J.: 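Here it is: the structure, laid out below.
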2 protein chains.
Amino acid sequence: MAKALREPKTTAAQATARLRHAGLRPTRQRVELAGLLFQNGDRHVTAESLHDEVTTAGVKVSLATVYNTLHQFTEAGLLRQVIVDAARGYFDTNTGDHQHFFLEKEGLLIDIPGESIAVAGVPTPPAGLSVDRVDVVVRVRRN
Amino acid sequence: MAKALREPKTTAAQATARLRHAGLRPTRQRVELAGLLFQNGDRHVTAESLHDEVTTAGVKVSLATVYNTLHQFTEAGLLRQVIVDAARGYFDTNTGDHQHFFLEKEGLLIDIPGESIAVAGVPTPPAGLSVDRVDVVVRVRRN
DNA sequence: CAACGAATTAGAACGATTCTAAAGTGTGAG
DNA sequence: CTCACACTTTAGAATCGTTCTAATTCGTTG
Ligand SMILES: [Mn+2]
Ligand SMILES: [Mn+2]
Ligand SMILES: [Zn+2]
Ligand SMILES: [Zn+2]
């Protein structure tokens with residue numbers, strides 16, 4: 001019972017600790033969003049999908065704050081952006097080295113572990129340029 | 001001199017032939033745009049960059065027509081789209097198998113020949129999905 | 001040289017994202 | 001514990017790339 005009482009607090013406490021550690025004030029909105037983003041495994045969200053989710057959960061957060069928060073989390077290294085669609089930006093809670101399957105039709109991203117994929121033969125970039133990262137997007141469709 | 005006189009016509013004639021071959025009516029606008037796109041080597045354009053270019057060349061074409069034309073050329077297999085930036089769509093006159101360096105800061109795309117790059121270890125997609133294409137984007141920055 | 005369907009266009013509309021500026025909130029100095 | 005103040009949130013406007021609409025213009029074919 002002590003446990004049952006403590007559990008709801010745990011997610012918020014973890015989120016708060018994570019925010020403090022990242023140098024971000026643990027506001028009500030940021031704690032809620034961090035809770036949704038980080039409490040269960042890796043996730044891929046858009047600003048709108050996360051806003052819908054937090055709203056559905058009964059928490060009032062403006063869309064502008066969702067955008068602000070996603071960008072702040074990204075700057076803080078808690079998220080990374082994934083560019084797969086010209087019309088919509090995705091944010092990824094998995095900041096490690098990995099790649100993606102992308103199901104265009106449904107806007108669905110699926111992780112591919114970084115170790116499993118190898119890109120060979122990338123030429124030396126033109127003079128004056130250096131490689132920042134190599135992104136692989138495996139575009140898939142339903143059979 | 002016969003040659004000098006014939007040259008300006010050649011580009012338009014080639015563009016017209018290309019359009020007819022693709023089943024597209026060779027309108028003044030499409031001939032102009034095809035001329036700019038296909039007369040010299042491979043190119044990467046955005047709707048806006050191509051519109052600026054055609055406008056600067058003194059030809060009056062609306063931005064809507066540039067969009068329409070880019071999409072029609074893409075459907076006809078004369079162009080392909082490249083997704084590297086969440087805010088802007090690129091079109092590529094190189095429709096063959098190849099990948100890209102992308103210089104985010106300047107919106108510059110540079111081709112990497114398809115044969116030079118190999119992506120190994122792409123897992124079998126989740127059940128019910130099949131691979132459509134594999135895109136590699138090497139993001140680079142100025143030193 | 002019509003006549004007709006196809007193409008172009010200006011401008012409105014749209015969807016995603018960013019900005020503005022005003023009101024609200026977390027926090028640390030006292 | 002309080003409160004001042006910087007930081008944050010917010011509604012709504014603005015912006016940006018792109019698409020749509022509906023009216024005009026043009027290319028083709030008979
Ligand atoms: Mn957009
Ligand atoms: Mn866009
Ligand atoms: Zn991922
Ligand atoms: Zn290319």
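All values derive from a computational prediction rather than experimental measurement.
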J.: Ignoring backbone atoms, establish whether B/Q29 has a side-chain N or O less than 4.0 Å from OP1 or OP2 of C/dT9.
T.: yes
J.: Consider the side chain of B/E48, meaning its heavy atoms from C-beta on, and name the nucleotide among D/dG17, D/dT9, C/dT18 that approaches it most closely.
T.: D/dG17
J.: Do B/H44 and B/N94 have side-chain N/O donor and acceptor atoms under 3.5 Å apart?
T.: no
J.: In whole angstroms, how far is the P atom of D/dT8 from the CG atom of A/L19?
T.: 11 Å
J.: Can you name the atoms? Protein N/O to nucleotides 11-14 of chain D N/O, anything below 3.5 Å, with the distance.
T.:
none

J.: I want to confirm an ordering. Mapping A/G23 and B/T27 to their closest nucleotides on DNA chain D, which one lands closer to the 5' end?
T.: A/G23
J.: Figure out the CD/P separation between A/Q81 and C/dT18, and round it to whole Å.
T.: 8 Å
J.: Could you run down nucleotides 1-6 of chain C 5' to 3' and tag each one B, S or - for protein heavy-atom contact under 4.0 Å?
T.: ----BS
J.: Within this structure, what is the CD-to-P distance between A/E32 and D/dT8, rounded to whole angstrom?
T.: 17 Å
J.: Does a nitrogen or oxygen in the side chain of B/R20 sit under 4.0 Å from OP1 or OP2 of D/dT28?
T.: yes
J.: Using modelled atom types and a 3.5 Å cut-off, is there a donor and acceptor pairing between side-chain atoms of B/Y90 and backbone atoms of B/D85?
T.: no
J.: In this structure, how many angstroms lie between the P atom of C/dA23 and the CZ atom of A/R28, rounded?
T.: 19 Å
J.: Counting only side-chain nitrogens and oxygens, does B/T65 get under 4.0 Å of the OP1 or OP2 atom of C/dA7?
T.: no
J.: D/dT19 phosphate, OP1 or OP2: any side-chain N/O from B/H71 under 4.0 angstrom?
T.: yes
J.: Tell me the interatomic distance from B/D85, atom CG, to D/dC16, atom P, rounded to whole angstroms.
T.: 15 Å
J.: Just to verify, what does B/D92 make a salt bridge (Lys or Arg N to Asp or Glu O under 4.0 Å) with, not counting sequence neighbours?
T.: none
J.: Roughly how many Å is it from CG in A/N68 to P in C/dT25, rounded to a whole number?
T.: 17 Å
J.: Treating B/R43 as the side-chain partner and B/L36 as the backbone partner, does any N or O pair qualify as donor plus acceptor under 3.5 Å?
T.: yes
J.: How long is the line joining CZ of A/F73 and C1' of D/dT9, in whole Å?
T.: 14 Å
J.: Report yes or no: does B/T55 contribute a side-chain atom to a donor-acceptor pair with the main-chain N or O of B/H51 at less than 3.5 Å?
T.: yes
J.: So, using salt bridge (Lys or Arg N to Asp or Glu O under 4.0 Å) as the criterion, who are the partners of A/R139 when residues are at least two apart?
T.: A/E104, B/D135
J.: What's the CG-C1' distance between A/L50 and C/dT17, to the nearest Å?
T.: 15 Å
J.: Going by side chain to side chain donor-acceptor pair (under 3.5 Å), name the residues that satisfy it together with B/R25, two or more places apart in sequence or in a different chain.
T.: none
J.: For A/E32, enumerate each residue passing the salt bridge (Lys or Arg N to Asp or Glu O under 4.0 Å) test, keeping only those at least two apart in sequence or located in another chain.
T.: none
J.: Report the nucleotide, chosen from D/dT9, C/dT18, D/dT28, that has the shortest atom-to-atom distance to any side-chain atom of A/Y67.
T.: C/dT18
J.: For the CZ atom of B/F101 and the CG atom of B/L109, what is their distance to the nearest 0.5 Å?
T.: 11.5 Å
J.: Could you go through B/H71 and B/F91, starting from their C-alpha distance and side-chain angles, then the distance that decides it, and tell me whether this counts as ring-ring contact (aromatic ring centres under 6.0 Å, His included)?
T.: CA-CA 9 Å; B/H71 287 132; B/F91 291 84; 5.7 Å; yes
